[in-house]
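Worksheet: the structure to be examined is printed underneath.
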There are 2 protein chains.
Amino acid sequence: MEHGVALASVEGLEGLTLGRLATDLGMSKAGVLGHFGTKEALQLATLETGAAAFRRLVWEPARDAEPGLPRLRAICEAWITYMETARDTFPGGCLFTTASVEFDARDGALRDAVARLSGLWRRRLALEARAAVAAGDLPDDTDPEQIAYELVGLYMALNQEIQLFGAPDAGDRTRRALDRLLGPRPSD
Amino acid sequence: MEHGVALASVEGLEGLTLGRLATDLGMSKAGVLGHFGTKEALQLATLETGAAAFRRLVWEPARDAEPGLPRLRAICEAWITYMETARDTFPGGCLFTTASVEFDARDGALRDAVARLSGLWRRRLALEARAAVAAGDLPDDTDPEQIAYELVGLYMALNQEIQLFGAPDAGDRTRRALDRLLGPRPSD
DNA sequence: CCTACCGATCGGTAGG
DNA sequence: CCTACCGATCGGTAGG
């Protein structure tokens with residue numbers, strides 16, 4: 001599964017072929033297929049394995065931070081670290097950005113799964129933003145959904161900046177945008 | 001070429017196969033291939049055709065606006081319209097967002113072409129932002145590259161909002177983010 | 001988990 | 001532009 005996630009992050013979930021995966025793992029195609037039944041089931045399992053890694057790398061490190069703005073900032077910082085350093089797990093960059101544009105114009109279980117995960121994470125970001133408003137750490141007229149929407153865009157830009165342009169200052173660019181979106185960090 | 005652009009926006013530039021394109025056009029595979037020589041040449045030509053449509057739909061409508069903030073705002077508004085209404089040209093959404101994540105982890109002419117186009121457009125956005133600062137329409141300490149970076153993220157989020165989530169209020173969400181990034185529009 | 005195989009499709013070529 | 005064909009690879013099955 002780990003190798004499947006790595007392959008899919010580079011080639012996409014459609015480019016994750018049974019033959020390629022089997023060769024890389026030193027197995028037969030039928031052997032790989034036996035574990036999943038169909039290619040679509042393999043793709044779904046790969047997406048779920050990637051999602052578990054994302055949760056571990058981005059959500060979990062922020063779990064102990066105080067709900068609201070502190071936790072939102074912790075999530076955003078872990079998210080930058082994920083983009084910059086998860087090269088062994090996701091050598092081709094964020095699997096969910098790739099999967100989103102790969103399936104956003106099709107029907108089926110893959111599209112539904114990608115939309116479900118992306119929607120879930122968007123709502124979780126909005127939840128923290130809402131708590132931040134309630135605590136008085138963000139202005140009263142802040143729209144939590146708007147914050148979540150802009151954050152997602154910021155991290156898709158970060159993924160492009162790292163993968164397509166190989167920009168070394170990508171993380172700092174994102175932090176500057178976060179300062180503008182969430183207010184400057186306390187340490188500034 | 002038009003049909004190739006439409007196909008690639010849905011299936012990706014790798015999913016644009018000679019056989020599929022030939023069938024759709026009522027031609028033979030060899031007939032299609034004869035025009036381009038290789039699949040890669042077809043993909044590059046498709047990308048360039050899409051780029052011409054992007055220039056026509058997004059850059060040209062803003063050409064007569066005053067350089068600086070007025071033109072930047074005109075570009076941003078045309079860009080929203082492009083995302084919302086270019087369904088006949090790009091039924092699968094923005095071809096350049098798709099191509100960027102499709103090739104950002106590979107080597108080759110396609111990756112180079114996508115990076116060249118994206119870089120060109122980023123620089124053009126930064127150019128207008130710089131003019132806006134010089135004219136006093138944006139704060140003196142504004143980083144034009146930062147504005148361009150955040151704009152790109154905003155439009156990748158808009159593409160996802162339309163294609164993956166089918167959100168009808170996606171354009172207005174983007175306009176709200178633009179107000180925060182560039183200041184409220186004069187009409188407000 | 002394997003070998004052996006299936007029909008379909010891939011990019012591309014030969015020859016006209 | 002076509003027909004006819006190439007070897008490689010696709011997802012998947014049969015049978016063990």
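Throughout, protein chains are lettered first and strands after them, A, B, ... in sequence-line order, and every chain is numbered starting at 1.
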How long is the line joining [atom1] of [X] and [atom2] of [N], in whole Å?
X	N	atom1	atom2	result
Leu16(B)	dC10(C)	CG	P	11 Å
Glu11(B)	dC10(C)	CD	P	11 Å
Arg20(B)	dG11(C)	CZ	P	12 Å
Leu18(B)	dG11(C)	CG	P	5 Å
Leu42(A)	dG12(D)	CG	P	10 Å
Leu33(B)	dC5(D)	CG	P	19 Å
Lys39(A)	dT9(D)	NZ	P	15 Å
Glu14(A)	dT9(C)	CD	P	15 Å

Of the options [options], whose atoms approach the side-chain atoms of [X] most closely?
X	options	result
Thr38(A)	dG12(D), dA4(D), dT13(D)	dG12(D)
Met27(A)	dC2(C), dC2(D), dG11(D)	dC2(C)
Ala30(B)	dG11(D), dA4(D), dG11(C)	dA4(D)

Taking only N and O in the side chain of Thr17(A), is any of them less than 4.0 Å away from OP1 or OP2 of dC10(D)? yes
Counting just side-chain N and O atoms, does Ser28(B) come under 4.0 Å of either OP1 or OP2 of dC1(D)? no
Take Glu145(A) and Arg123(A) through the test side chain to side chain contact (heavy atoms under 4.5 Å, CB included) and record every step on the way to the result. CA-CA 8 Å; Glu145(A) 314 278 348; Arg123(A) 283 192 295 278; 5.6 Å; no
Look only at the side chain of [X] and the backbone of [Y], and say whether a donor-acceptor pair between them is shorter than 3.5 Å.
X	Y	result
Tyr155(A)	Cys76(A)	yes
Arg55(A)	Glu60(A)	no
Arg71(A)	Ala65(A)	yes
Thr142(B)	Pro139(B)	yes
Gln163(B)	Val101(A)	no

May I ask you to say what Gly19(B) touches in the nucleic acid, namely base, sugar-phosphate or nothing, with a heavy-atom cut-off under 4.0 Å? sugar-phosphate
Report the relative orientation of the aromatic rings in Phe54(A) and Tyr82(A); use parallel for angles under 30°, tilted for 30 to 60°, perpendicular for over 60°. perpendicular
For DNA chain D, please output the secondary structure as dot-bracket, reading 5' to 3'. Pairs are Watson-Crick or G-U wobble, both atom distances under 3.5 Å; mark crossing pairs with [ ], other-strand partners with |, unpaired with a dot. ||||||||||||||||
Polar pair under 3.5 Å, donor/acceptor by atom type, side chain Lys29(A), base dG11(D): yes
